[in-house]
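A short write-up of the structure that comes next.
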Number of protein chains: 2
Amino acid sequence: MTSTESTRHRRRKEARPSELAAAALALFVEKGFAATRLDDVAARAGVSKGTLYLYFDSKEALFRAVIEDSVLPLIDAIEVKVAALKDDPVRLLRELLMEWWERFGSTLLGGTCKLMIAEAGNFPEVAAFFNEAVIGRWSTVLCGVIESGIEQGVFRPGSVETMRQLVFYPLLMQSVWQHSIAGCVAKRPMPENYFDTYFDFIFRGLLVAPEQEIQR
Amino acid sequence: MTSTESTRHRRRKEARPSELAAAALALFVEKGFAATRLDDVAARAGVSKGTLYLYFDSKEALFRAVIEDSVLPLIDAIEVKVAALKDDPVRLLRELLMEWWERFGSTLLGGTCKLMIAEAGNFPEVAAFFNEAVIGRWSTVLCGVIESGIEQGVFRPGSVETMRQLVFYPLLMQSVWQHSIAGCVAKRPMPENYFDTYFDFIFRGLLVAPEQEIQR
DNA sequence: GCTAACTAACTGACCGGCTAGTTAGTAAGT
DNA sequence: ACTTACTAACTAGCCGGTCAGTTAGTTAGC
């Protein structure tokens, strides 16, 4: 037995579920739910399809597990961060959005958004769960920051929900894009100063007095 | 033969392809490519699956046809409009975005974006075509308007491509959203004054002198 | 320490259902 | 009557899910 297949045939009950989930995440994101074969998932995790069924009841259960436990820890981490920086909405919003991008949007996890968008029609219950447990919590965080900015007189008053979308959707769309069509065409990378332009733009929309806040 | 099936068994060579394409569009948008059965497409168009194969060579050919000829006419129409309003970038951009929303984003056609996002990985050539023939042309139109605004000294200078994304992605994401997760949850409708907030926000990001332009 | 009896993680051949694609036949229109 | 749009029954093969059997690892007895 060579070293490269040292894990094959080995009994490793602890590691299997997460390895299978990781393999499934990658393939679901790449191909979508229906087009992903469980044989391929198992093969990518270095086991047989039978083993997969020792840990997951069905393809749909695997899907749920992938969505649930790949994403939830991230949301937990972000909610913690908010508590730390309460008084400075501008800086908090900026750091929150950058953190979302770095830890979620720009990684494989961003693909889960594309995946849910694509499969919501076929898995309404999973979509509802995702909507509540991920999107809802993240939206609440963002809205909270925006609202506190308004209350402090730093942001202009207005529909908080709409402002949340205007602030977040460019980033979300960027992530979704990277995980779909961007892979099929000669891609121009994100412009060097994308985030400068992005933050400049949204803070002009948000701030009461953009000129004095923005340049520092 | 009842009146409701009067078209059944009737020979209507002219009408079939577009009826089949319309049926396919609706089902593809709802279920995705892989999960849509051709029997269902044919049934929805009031014919049998065999008839479908008289007009389309394969499921993938049907997919291509749906994407291609449901979307291209719209882009044509929009490109014409731009020529008419050249001198007023603010009004032109506003009307362009509203028109995109009314004729595309808020209709079934908006679902094609979600569909392409979902299936790009499985149909790279179709995605490349869509990217060039639809996204590319539409982006060029938007970038042209923004650029002319900058040249006229009305919009602030900056990365045109990034500005295009910041302006358009909220609307695009809204459309994608409506065609996926929104259908699975108790949906709050779009806020009454969504577009007021939206235009206010993006023009603050774009304009050199927002205060004097915006209120009229 | 060595082996034998035991446990359970893992395998892969198999089955059944489902659906893309085919074709022999039917009937509408002329 | 002849053409051809259309139908419906069919086939082929793929894939989710199963299970009888295999083998890695563990414990007990000597």
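A note on names: the letters A, B, ... follow the listed sequences, proteins ahead of strands, and every chain is numbered from 1.
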Of all of residues 29-41 of chain B, which get a heavy atom below 4.0 angstrom from DNA chain C, listed by number? B:Thr36, B:Arg37, B:Leu38

Measuring to OP1 and OP2 of C:dC10, would you say a side-chain N or O of A:Arg16 lies under 4.0 angstrom away? yes

Atom CG of A:Leu54 and atom P of C:dA8: how far apart are they, to the nearest Å? 13 Å

Is there a side-chain contact between A:Thr51 and the phosphate of C:dT11, meaning an N or O under 4.0 Å from OP1 or OP2? yes

Can you tell which of D:dT7, D:dG17, C:dT11 lies closest to the side chain of B:Val47? D:dT7

Looking at B:Glu192, I want to see if its CD is surrounded by more than 12 non-hydrogen atoms of other residues, nucleotides or ligands under 6.0 Å. no

B:Leu52 CG to C:dA20 C1', straight-line distance once rounded to whole Å: 11 Å

Could you state the CG-C1' distance from A:Leu62 to D:dG16, rounded to the nearest angstrom? 12 Å

Does any donor-acceptor pair link the side chain of A:Lys49 with the base of D:dG16 at a separation under 3.5 Å? yes

Using a 4.0 Å heavy-atom cut-off across all strands, classify A:Tyr55 as base, sugar-phosphate, or nothing. sugar-phosphate

What is the separation between atom NZ on B:Lys59 and atom P on C:dA20, rounded to the nearest whole Å? 5 Å

Can you tell me the distance, in whole Å, between the CD atom of B:Glu19 and the C1' atom of D:dA5? 14 Å

Rounded to whole Å, please give me the gap between CG in B:Leu20 and C1' in D:dC6. 12 Å

So which of A:Phe129, A:Phe63, A:Phe28 actually passes ring-ring contact (aromatic ring centres under 6.0 Å, His included) with A:Phe123? A:Phe63

CD (A:Glu79) with more than 12 external heavy atoms under 6.0 Å: yes

Can B:Glu95 and B:Lys81 be counted as an ion pair, charged N to O under 4.0 angstrom? yes

Are there more than 12 heavy atoms of other residues, nucleotides or ligands under 6.0 Å from atom CG of A:Asp76? yes

Could you tell me how the ring of B:Trp138 sits relative to the ring of B:Phe168: parallel (under 30°), tilted (30 to 60°) or perpendicular (over 60°)? perpendicular

Distance check needed: C:dA20 C1' versus B:Phe56 CZ, whole Å only. 16 Å

What is the distance, rounded to the nearest whole Å, between atom OH of A:Tyr53 and atom C1' of D:dG21? 20 Å

Basic-acidic side-chain contact under 4.0 Å: A:Lys31, A:Asp40: no

